[in-house]
Amino acid sequence: MSDTTAPPPTGQRAATEPAAAGLVTQHVRHGYWKYPIIALALAVVLGLLGVFAGSPNSPRATIAATSRQDPGGAALAFTQELAGTSASAGNQKEFGLGPPGQMFVIGPLGSFAPLLGGNVAAALAAWRAATASQQAAWANNYLMALGKITPASMEGGMATAMSPDYSKIGTLHGNFGPVPALVKADVQLAQAGHLEQYLEGRDPGHTLHLTTIWLYDHPKMLNDAVANGLTDDQWGMVKERGYPVGPWYLIIPAIIHVKLPQGVTGTGFVLWNLLVALIFIFALPLVPGIRSLPRKLRRYRGIARYPTPGEKIPPDPDARQHPVLQKEGPS
């Protein structure tokens, strides 16, 4: 009987030789073929999340469609713009917008006056000849009259904006000056798509932006946001339909904007997000235990390909570049 032992197979010898030298290693090859499978699985998960938890992707709103669906809201928007009380009044310095009454009412009517008839031209002349105080008085009187034919807002949750009943707009009486004629003609322009044509011709580079500003004057924009759960008290800011979901839809920035002190201000929103980003970038990698989670969870095993029994493992070409660590023996 011989004391010699048969040598191990070549593949096993390659895996066990480092152990004999004092360093236990295991040759593992990269499973590159797993990457597209993992990517496909993640894409399916993200797609399902987008279907069940994402915000609606509605068709882009237009002035023409909105004015046809809700002409009373369009009349309200034009009247508020003439009175200087619309939401767009706060955007007068943006992209050369100027006074909204001039941009959305007087300017378009002046361009299309020859097609609208003599009464519109006379109304424009009366408006331009009046003083600023007289113009404001006419517009405010008409605005208060529109309130009498406007239903009360719905109760519960975030209040919706209601539009005047356009079928009753001809029953209003008061010291309105030329405002009713101007508003009615502008509603007709908007419904026919001519208002958007005017904005395109005036400032082609900012037509979409100017259209969005007007849509915020119309009650339908707020009502759509309430109906679809896209209001400021839920996500931090309203998503403009037709645009891809922005980074503010991430849950942490949304909480910062809605819940944390000064989160509603631009400075506070930026500083809170910066603080959270610094925590993720610097603090988490330095916290013992948390930084070891990837290793403890052994996530690397998902992309590795381990040898099968009896498989011949090629030698590591990089092995000679690193000295083998020897175990310390007794002195």
Side-chain angles (χ1 to χ4, degrees), residues 63 66-67 70-153 159 161-166 168-191 194-195 198-199 201-203 206 209-222:
I63 294 178
T66 302
S67 299
D70 186 1
L76 177 64
F78 292 135
T79 305
Q80 289 177 335
E81 288 159 1
L82 289 174
T85 60
S86 62
S88 58
N91 301 93
Q92 295 191 38
K93 297 182 179 179
E94 288 193 27
F95 302 110
L97 171 63
Q102 179 64 36
M103 172 62 73
F104 298 119
V105 185
I106 304 303
L109 291 177
S111 296
F112 290 93
L115 305 177
L116 298 174
N119 61 329
V120 175
L124 280 171
W127 176 267
R128 289 167 174 162
T131 62
S133 59
Q134 180 63 72
Q135 293 173 349
W138 285 335
N140 284 316
N141 290 341
Y142 196 60
L143 193 58
M144 289 188 290
L146 289 176
K148 297 178 181 179
I149 59 172
T150 302
S153 61
M162 305 304 293
S163 299
D165 187 348
Y166 196 70
K168 299 179 181 179
I169 203 166
T171 63
L172 301 179
H173 299 284
N175 183 21
F176 308 141
V179 171
L182 298 176
V183 169
K184 183 178 179 181
D186 215 18
V187 170
Q188 294 174 348
L189 280 184
Q191 291 176 333
H194 297 318
L195 180 54
Y198 170 81
L199 298 177
R202 179 184 176 91
D203 197 344
H206 298 130
H209 181 75
L210 294 174
T211 299
T212 303
I213 288 178
W214 184 88
L215 290 172
Y216 276 112
D217 287 345
H218 194 286
K220 189 175 184 298
M221 177 69 82
L222 174 60

Test side chain to side chain contact (heavy atoms under 4.5 Å, CB included) applied to W127 and V179, step by step: CA-CA 8 Å; W127 176 267; V179 171; 3.7 Å; yes

Evaluation steps, side chain to side chain contact (heavy atoms under 4.5 Å, CB included), between S133 and W138: CA-CA 9 Å; S133 59; W138 285 335; over 6 Å; no

For Y216 and I213, what are the C-alpha separation, side-chain angles and deciding distance, and is it a side chain to side chain contact (heavy atoms under 4.5 Å, CB included)? CA-CA 5 Å; Y216 276 112; I213 288 178; 5.8 Å; no

Using the rule given for side chain to side chain contact (heavy atoms under 4.5 Å, CB included), can you reason through L116 versus L189, listing the C-alpha separation, both sets of side-chain angles and the distance that settles it, and then say yes or no? CA-CA 9 Å; L116 298 174; L189 280 184; 4.1 Å; yes

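The two residues S163 and D70 come nearest to each other via the heavy atoms OG-OD2, 2.5 Å.
Put simply, the side chain of Q102 never gets that close to the backbone of P99: no donor and acceptor are under 3.5 Å apart. No donor-acceptor distance shorter than 3.5 angstrom exists from the side chain of D186 to the backbone of L182, with no hydrogens or angles considered. Under a 3.5 Å cut-off, the side chain of D217 and the backbone N or O of S86 do not form any donor-acceptor pair. Under the 3.5 Å distance criterion, the side-chain polar atoms of T171 are matched with a main-chain donor or acceptor of K168.
Listed by chain and residue number, nothing satisfies the ring pair (Phe, Tyr, Trp, His ring centres under 6.0 Å) test with Y198 (two or more places apart in sequence, or in another chain). Not a single ring pair (Phe, Tyr, Trp, His ring centres under 6.0 Å) links Y166 to another residue, sequence neighbours left out.
Remark: L82 CG to N140 CG distance equals 10.5 Å, nearest 0.5 Å.
When each of I169, V183, L143 is checked for a side-chain contact (heavy atoms from CB on, under 4.5 Å) with L76, only L143 meets the rule.
By the 30° and 60° cut-offs, the orientation of the rings of Y142 relative to F176 is perpendicular.
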